[in-house]
Structure formats: C-alpha cells, structure tokens
Amino acid sequence: YIAYSHGNPNEFRCAGMPYIWCSNAKNFVNSFIYSTACHTGEKLAYDLIDNGCKIFVGYKKESYVFLKDEYRRISINSDNYALKMFLLMNVSIEEAVNSMKRYITQQIDKLDQNNEDPLYMANLAANREALVCLGSTSLKKEDVFI
C-alpha cells in the first residue's frame with residue numbers, strides 16, 4: 001500500500017477524511033505500507049505492525065515536500081528512492097531505506113556546495129531523521145509480493 005497523503009499520529013487522511021486509522025489497522029495484515037504522510041510513524045505504524053502489517057516505511061514527524069521548480073525533482077526522488085530500490089533491486093527494505101537516507105545526505109551536500117537555500121537543506125535533513133522503517137525489515141521483494 002503506497003500512501004502519498006496527509007497524516008497524523010493516529011490516521012492517514014485524504015480530502016480531510018481518515019482512511020487508515022488505529023481501529024481498522026487489523027485490515028492491513030501481511031501488508032507493506034510505504035508513505036510520505038506526516039506523523040504516521042509515531043503511533044499508527046506501531047498499531048499496524050501489532051495487527052500484522054509486515055512492513056511500515058514512513059515518517060514519525062512532519063515530512064516536507066517542496067514544489068519550487070529547482071527543488072521539486074530532489075523532493076520526488078527522495079520520497080520514492082527506497083521504494084524504487086526495493087522493487088528494482090535484490091535488497092531488503094531496511095537496506096533500501098538506509099540507502100535512501102544516504103541519498104538524501106548526498107543531495108544535501110550537493111545543495112550546500114552550490115550555496116543553495118539552507119532552509120531546504122534543513123528540511124531535507126529533517127525528513128531523513130524522521131524516516132522510520134518498522135516491522136520485518138529484513139524482508140525482500142520476493143518475500144512480500146507473490
């Protein structure tokens with residue numbers, strides 16, 4: 001399940017309405033959840049894992065997205081990095097997330113070398129630090145998708 005939406009510690013939200021929350025976490029048994037939703041890695045992720053979700057990748061704090069043209073591609077690539085790596089390579093989800101964190105660090109370093117906006121670099125760093133990978137983190141694609 002890939003969720004590019006809003007969130008808070010207790011739920012995923014779209015158009016102001018919750019669609020995944022603690023009470024329906026049992027519906028995600030054996031699932032793989034990859035999300036950019038803010039704060040869902042604080043509490044809801046643990047409810048999902050406790051109810052049988054195999055893997056949760058998301059953010060335990062606010063996640064920042066940038067639409068400014070010169071930073072949009074970095075933002076999109078960063079958000080999708082671990083998912084693409086997990087699906088296209090023979091790596092565990094934990095390895096993919098760790099690689100995503102290294103990719104974000106490389107992007108921050110490049111922006112710093114070019115004297116880019118320090119606020120954007122700080123928000124990229126905040127995303128990297130807020131990213132969580134929970135559950136059966138050693139699973140690979142063939143373990144999850146049949």
Are [X] and [Y] joined in one hydrophobic group, where the rule is that I, L, V, M, F, W and Y side chains link up if heavy atoms are under 4.5 Å apart?
X	Y	value
L87	V97	yes
Y103	L111	yes
I49	F86	no
V144	F28	no
V65	M100	no

Just verifying a value: how many Å separate [X] [atom1] and [Y] [atom2], rounded to the nearest 0.5 Å?
X	Y	atom1	atom2	result
S92	N98	OG	CG	8.0 Å
S23	D47	OG	CG	9.0 Å
S75	Q107	OG	CD	11.0 Å
N27	L48	CG	CG	10.0 Å
N8	E62	CG	CD	12.0 Å
N24	I20	CG	CD1	7.0 Å

Do the ring planes of F66 and Y71 sit parallel (below 30°), tilted (30 to 60°) or perpendicular (above 60°)?
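Because their plane-to-plane angle is over 60°, the rings of F66 and Y71 count as perpendicular.
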Does [X] use its side chain to pair, donor to acceptor, with the backbone of [Y] at less than 3.5 Å?
X	Y	value
N114	E116	no
S136	L139	no
T40	A37	yes
N127	Y64	yes
S35	A3	yes
R13	H6	no
S63	Y59	no

Between N80 and Y4, does any side-chain donor sit less than 3.5 Å from a side-chain acceptor?
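Y4 and N80 do have a side-chain donor-acceptor pair below 3.5 Å.
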Side chains of E11 and Y19: any donor to acceptor distance under 3.5 Å?
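No donor-acceptor contact under 3.5 Å links the two side chains.
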Is it the case that the ring center of F32 lies less than 6.0 angstrom away from the ring center of Y1?
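When the ring centroids of Y1 and F32 are compared, they turn out to be at least 6.0 Å apart.
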Could you report the tightest heavy-atom contact between [X] and [Y], atom names first, then the distance?
X	Y	result
E95	R102	O-NH2, 4.5 Å
L131	K101	O-NZ, 3.6 Å
V91	A96	CG2-CB, 4.1 Å
Y81	Y34	N-OH, 4.1 Å
C133	V57	SG-CG2, 4.1 Å

Pairwise side-chain contact, [X] with [Y], heavy-atom cut-off 4.5 Å (strictly under):
X	Y	answer
T137	I55	no
V29	C53	no
H39	L44	no
K54	D143	no

For I76 and R72: C-alpha separation, side-chain torsions, deciding distance, then whether side-chain contact (heavy atoms from CB on, under 4.5 Å) applies.
CA-CA 6 Å; I76 291 169; R72 184 178 333 171; 3.7 Å; yes
What do you reckon, is NZ of K61 surrounded by more than 12 foreign heavy atoms closer than 6.0 Å?
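Not buried by this count: 12 neighbours or fewer within 6.0 Å.
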